[in-house]
Amino acid sequence: MRIEQLDYLLAIKHYKSMTAAGENLHVSQQAISVAIKQLEEELHTPLVERTPKGSFLTTAGQEVAAYATDIFDRWDNLVAKYIQLSFKQSNCHEISLYMLANFLINPDLTKLTSSFK
């Protein structure tokens, strides 16, 4: 299991389309489809129902998505904690380009900004 597979699954849940998920994550629909198929094979269960009207998470997909959301929330909290510690220790008010890129790529990280004043 790779973190981007979980990110793709959450994007499919949000956009209800592999194509839209790919467009918003700046990856091809085929890359998303292959990654999800590999995740399904690893977990031995279908996670996404592919229909002409879109892609929808199965019951198992919803459960994995809930775990993925928890993982990303915990990651955001960890990052926020140590960024705040770093700012307090260095009295620095700059965000690294790495962090800025993550904000731009992953809209779920916007929750992190609420911790800054």
Side-chain angles (χ1 to χ4, degrees):
M1 184 178 308
R2 297 183 323 269
I3 198 75
E4 67 266 8
Q5 291 170 313
L6 299 178
D7 198 27
Y8 296 168
L9 188 70
L10 290 176
I12 293 167
K13 178 182 177 186
H14 179 76
Y15 295 107
K16 297 180 180 26
S17 161
M18 286 195 190
T19 302
E23 288 171 359
N24 283 279
L25 294 174
H26 307 289
V27 292
S28 71
Q29 178 273 332
Q30 183 180 8
I32 291 203
S33 183
V34 168
I36 294 300
K37 189 71 177 160
Q38 290 171 343
L39 183 59
E40 289 173 327
E41 289 171 2
E42 184 178 346
L43 296 176
H44 304 285
T45 190
L47 301 173
V48 176
E49 181 180 345
R50 297 147 177 93
T51 73
K53 293 187 179 188
S55 298
F56 306 94
L57 300 189
T58 63
T59 301
Q62 292 283 349
E63 185 176 1
V64 172
Y67 280 109
T69 299
D70 187 48
I71 289 166
F72 284 117
D73 286 346
R74 288 171 181 256
W75 177 256
D76 291 347
N77 291 338
L78 176 72
V79 170
K81 175 182 177 179
Y82 285 97
I83 285 177
Q84 285 180 342
L85 267 175
S86 175
F87 284 169
K88 286 178 185 176
Q89 291 171 353
S90 68
N91 200 19
C92 175
H93 300 289
E94 296 177 17
I95 296 178
S96 73
L97 289 177
Y98 172 78
M99 285 304 301
L100 182 57
N102 279 321
F103 278 107
L104 296 174
I105 292 169
N106 187 348
D108 292 328
L109 287 177
T110 56
K111 291 183 267 178
L112 179 63
T113 59
S114 64
S115 63
F116 296 108
K117 295 185 177 168

Rounded at 0.5 Å granularity, tell me how far [atom1] in [X] sits from [atom2] in [Y].
X	Y	atom1	atom2	answer
Q62	T69	CD	OG1	9.5 Å
R50	I36	CZ	CD1	7.5 Å
L57	H14	CG	NE2	12.5 Å
I32	D7	CD1	CG	8.5 Å
T19	I12	OG1	CD1	10.0 Å
L78	D73	CG	CG	12.5 Å

Hey, any chance [X] and [Y] share a hydrophobic cluster, counting ILVMFWY side chains that come within less than 4.5 Å of each other, even indirectly?
X	Y	result
V27	M18	yes
I71	L9	yes
F56	V64	no

* **Test side-chain contact (heavy atoms from CB on, under 4.5 Å) applied to E4 and L25, step by step** => CA-CA 10 Å; E4 67 266 8; L25 294 174; over 6 Å; no

Minimum heavy-atom separation for [X] and [Y], please, with both atom names.
X	Y	answer
L10	A65	CD2-O, 3.5 Å
V48	S55	CG1-CB, 3.7 Å
Y15	A21	CD1-CA, 3.9 Å
A35	R2	CB-NH2, 4.1 Å

* Around atom CD of Q30, are there more than 12 heavy atoms of other residues, nucleotides or ligands at under 6.0 Å? ->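 Open.
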
* Hey, mind stepping through I3 and W75 against side-chain contact (heavy atoms from CB on, under 4.5 Å) and telling me if it holds? -> CA-CA 11 Å; I3 198 75; W75 177 256; over 6 Å; no

* **Backbone of L47 reached by a side-chain donor or acceptor of E40 within 3.5 Å** =>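 Yes, the answer is positive, given that a donor and an acceptor are paired below the 3.5 Å cut-off.
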
* Donor-acceptor pair, side chain of Q5 and main chain of Q38, under 3.5 angstrom -> no

* Before giving the answer on side-chain contact (heavy atoms from CB on, under 4.5 Å), spell out for L6 and Y67 the whole-Å C-alpha distance, their side-chain angles and the decisive distance to 0.1 Å. => CA-CA 9 Å; L6 299 178; Y67 280 109; over 6 Å; no

